[in-house]
Engineer: 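Here it is: the structure, laid out below.
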Amino acid sequence: MVKTGMKRVLFLDFLRACTPLAVVALHVLGAFEPTNINSIDFYVEKIILGALCFAVPIFLMISGSLMLDPAKSFDYRKFFKKNVTRIFLILVVWILVFACLQIFFKPNALEGHNPLGFIILSFSKYRFYHLWYLVPLLALYLLTPVLRKVAANERLLEYVLMIGIVFGFALPSAVFLLKVAFQNGINGYPSSLIETMVNHKNIVVQIGNFLGIGYAVYYLLGYYLRVKDFKPIERKIIYIFGLVGLVVAGLLFPVMLRFNGEVTNETVSLSPWIMALAVAIFVFIKQRYARRKSNPKIINFMAKYSLGVYLTHPIILNFILPNFYDSEFHLYSMLLLIPLFTIGIYLASLLLAWILNKIPIVRRVV
């Protein structure tokens with residue numbers, strides 16, 4: 001149950017309960033994505049995919065909203081033992097679990113390595129795709145004592161957020177879009193000036209990298225947005241930016257993939273349009289819950305096992321479902337199969353997470 005001090009934060013429960021559905025849908029789309037980049041199927045699938053990329057930022061905002069709350073007592077030793085150690089243990093255990101699953105179900109994934117070598121490489125090169133999220137989360141947990149000091153000072157918090165948004169989101173995204181645009185121009189880069197601007201060693205990208213503040217912005221935003229009282233006009237502006245972010249995310253994602261070939265987690269999650277969308281969702285749900293007194297039991301149940309769903313859903317999606325369906329999505333099948341697979345995989349993962357939580361030793365890593 002999500003609490004702050006001695007009081008439950010109901011809207012965070014709701015977000016924790018529902019955000020895994022977006023994660024599952026996103027990964028369902030990725031697992032059966034169309035391969036023809038010139039087809040309408042490709043563009044429709046990527047538009048939906050781009051619009052769902054708010055999920056991980058929401059998770060980070062939920063964590064920051066709770067961990068940075070000064071109303072909660074904070075014991076360094078207890079926090080490190082309970083939170084930091086647990087996330088590290090979860091990361092290690094599930095890397096091993098998915099490495100073993102690949103060895104058993106998909107031996108071709110070994111790419112010539114022996115099983116032991118593949119397991120060792122799973123901690124770097126072959127780490128299963130969804131586990132990337134635990135790495136920035138672990139880093140943020142390690143920084144939590146420092147970030148709590150930032151969150152406790154409103155002016156300092158707003159300053160850090162401003163610097164982070166400019167150098168961690170806005171300017172790097174602008175550089176990336178310029179690179180995509182001019183790399184695919186008729187004459188390549190129009191000038192040495194543009195080439196310098198979009199080079200990965202330019203000062204904008206380097207400042208953002210040295211600050212290392214990207215995901216910390218979401219972590220800090222979670223607390224800032226929870227305690228900040230927005231006027232009605234401010235909320236409307238946030239919602240407008242969120243809608244713009246939704247449109248831009250949906251339209252830009254297929255274009256970036258079409259012309260750049262690959263889009264990383266950082267390129268998507270650390271973009272101003274995804275941040276605008278995630279902030280709008282966070283503030284909207286917070287406002288809708290302003291007068292709520294309780295959540296339905298099903299929401300509390302879903303929230304309790306949200307991490308378990310996140311960790312286990314690829315077992316169903318990548319190792320069980322392909323035995324029954326192993327075709328790429330087409331336009332006619334998306335409207336039916338995306339919600340069907342998403343709900344089915346989510347429910348199966350929820351059940352699996354519930355079962356694993358009943359096992360004394362295993363429950364520590366679910």
Side-chain angles (χ1 to χ4, degrees), residues 16 19-20 22-24 26-27 30 52-68 79-102 109 118-148 150 160 164 167-169 172-173 176 200 205-206 208-223 262-271 274-275 278 306-315 317-318 349 353 364-366:
R16 282 186 65 196
T19 302
V23 173
V24 174
L26 191 152
H27 291 159
L52 290 171
C53 289
F54 65 86
V56 165
I58 290 287
F59 273 134
L60 292 174
M61 291 162 73
I62 294 170
S63 295
S65 178
L66 297 170
M67 296 299 178
L68 304 179
F79 175 79
F80 188 87
K81 182 178 180 180
K82 179 182 178 181
N83 299 91
V84 177
T85 304
R86 179 171 182 257
I87 292 298
F88 178 77
L89 185 62
I90 287 173
L91 178 60
V92 171
V93 168
W94 286 95
I95 285 175
L96 293 174
V97 167
F98 279 98
C100 292
L101 286 171
Q102 289 184 88
F118 180 80
I119 290 174
I120 294 173
L121 288 173
S122 293
F123 286 87
S124 55
K125 182 179 179 181
Y126 296 112
R127 185 168 62 240
F128 214 70
Y129 63 89
H130 72 308
L131 297 176
W132 75 269
Y133 159 70
L134 297 176
V135 178
L137 181 63
L138 178 60
L140 290 171
Y141 274 19
L142 289 169
L143 287 173
T144 292
V146 176
L147 295 178
R148 282 175 63 90
V150 174
V160 172
F167 288 100
F169 289 75
S173 293
F176 178 80
H200 73 281
V205 175
Q206 285 189 328
N209 290 340
F210 290 145
L211 285 174
I213 201 170
Y215 292 111
V217 169
Y218 285 124
Y219 202 63
L220 291 165
L221 266 176
Y223 173 73
E262 181 179 3
V263 176
T264 65
N265 292 316
E266 288 73 20
T267 305
V268 176
S269 298
L270 302 183
S271 63
I274 291 298
M275 182 184 66
S306 59
L307 178 59
V309 169
Y310 184 90
L311 292 170
T312 61
H313 76 272
I315 297 176
L317 174 60
N318 297 98
S349 303
R364 295 188 59 193
V365 292
V366 180

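These numbers were taken from a predicted model, which means no experiment stands behind them.
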Engineer: Parallel, tilted or perpendicular: which one describes the rings of H130 and F128, with boundaries at 30° and 60°?
Structural biologist: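 The arrangement is perpendicular - the two ring planes meet at more than 60°.
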Engineer: Please report the shortest heavy-atom distance between I274 and S269, naming the atom on each side.
Structural biologist: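 Taking I274 first and S269 second, the nearest heavy atoms are CG2-O, 4.1 Å.
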Engineer: Do L311 and V365 come within less than 4.5 Å of each other through their side chains, counting heavy atoms only?
Structural biologist: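 Contact flag for L311/V365 side chains = no.
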Engineer: How many angstroms lie between CG in L142 and CG in L147, if you round to the nearest 0.5 Å?
Structural biologist: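 It comes to 10.5 Å.
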Engineer: With heavy-atom distances below 4.5 Å as the criterion, would you say the side chains of L60 and Y133 are in contact?
Structural biologist: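 Yes, close enough: below the 4.5 Å cut-off.
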Engineer: Could you measure the distance from the CD1 atom of I58 to the CG atom of L221? Nearest 0.5 Å is fine.
Structural biologist: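 Answer for the CD1-CG pair, I58 versus L221, is 10.0 Å.
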Engineer: Any sub-3.5 Å donor-acceptor pair from H313's side-chain atoms to Y310's backbone N or O?
Structural biologist: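 It does hold such a pair.
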Engineer: Please check if the side chain of R148 supplies one atom and the backbone of M67 the other of a donor-acceptor pair under 3.5 Å.
Structural biologist: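 Here the side-chain-to-backbone pair exists.
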Engineer: Start with the C-alpha gap between F59 and Y218, add the side-chain angles, then the distance that decides, and say whether side chain to side chain contact (heavy atoms under 4.5 Å, CB included) holds.
Structural biologist: CA-CA 9 Å; F59 273 134; Y218 285 124; over 6 Å; no
Engineer: If we only count heavy atoms from C-beta on, is the T312 to W94 side-chain gap below 4.5 Å?
Structural biologist: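 T312 vs W94: side chains touch.
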Engineer: Working to the nearest 0.5 angstrom, can you tell me the gap between L307 CG and L134 CG?
Structural biologist: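 It comes to 7.0 Å.
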Engineer: Evaluate the side-chain proximity of L140 to S63: yes if any heavy-atom separation is below 4.5 Å, no if none is.
Structural biologist: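 No, their side chains stay 4.5 Å or more apart.
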Engineer: Taking all atoms of both residues into account, what is the closest heavy-atom pair of V23 and A55, and its distance?
Structural biologist: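 Looking at all heavy atoms of both residues, the closest pair is CG2-CB, 3.4 Å.
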Engineer: Show the nearest heavy-atom pair for residues M275 and V217, with the distance to one decimal.
Structural biologist: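 Result for this residue pair: SD-CG1, 4.4 Å.
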Engineer: Can you name the closest pair of heavy atoms from A99 and I119 and give their distance?
Structural biologist: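 Closest approach of A99 to I119: CB-CG1, 4.1 Å.
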Engineer: Might you point out which heavy atoms bring Y215 and P136 nearest each other, and give the distance in Å?
Structural biologist: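 Closest heavy-atom pair between Y215 and P136: CD1-CB, 3.8 Å.
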Engineer: Using 0.5 Å steps for rounding, measure from the CG atom of L137 to the CH2 atom of W132.
Structural biologist: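 It comes to 10.0 Å.
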Engineer: Can you see which heavy atom on F54 is nearest to which on A22, and at what distance?
Structural biologist: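 The pair with the smallest heavy-atom distance is CZ-CB, 3.8 Å.
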Engineer: Can you measure from CD1 (I62) to CZ (R16) and round to the nearest 0.5 angstrom?
Structural biologist: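 Rounded to the nearest 0.5 Å, the CD1-CZ separation comes out at 7.0 Å.
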Engineer: Do V24 and S349 touch side chain to side chain, with heavy atoms closer than 4.5 Å?
Structural biologist: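 When only atoms from C-beta onward are counted, S349 and V24 do not touch, as no gap falls below 4.5 Å.
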Engineer: Does a donor on one side chain and an acceptor on the other come within less than 3.5 Å for Y219 and T144?
Structural biologist: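 Yes.
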Engineer: Hey, what do you get for OG (S122) to CG (L96), rounding to the nearest 0.5 Å?
Structural biologist: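 Nearest 0.5 Å value for the OG-CG distance: 8.0 Å.
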Engineer: Could you tell me whether the side chain of T85 and the main chain of F80 form a donor-acceptor pair under 3.5 Å?
Structural biologist: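 Answer holds: yes.
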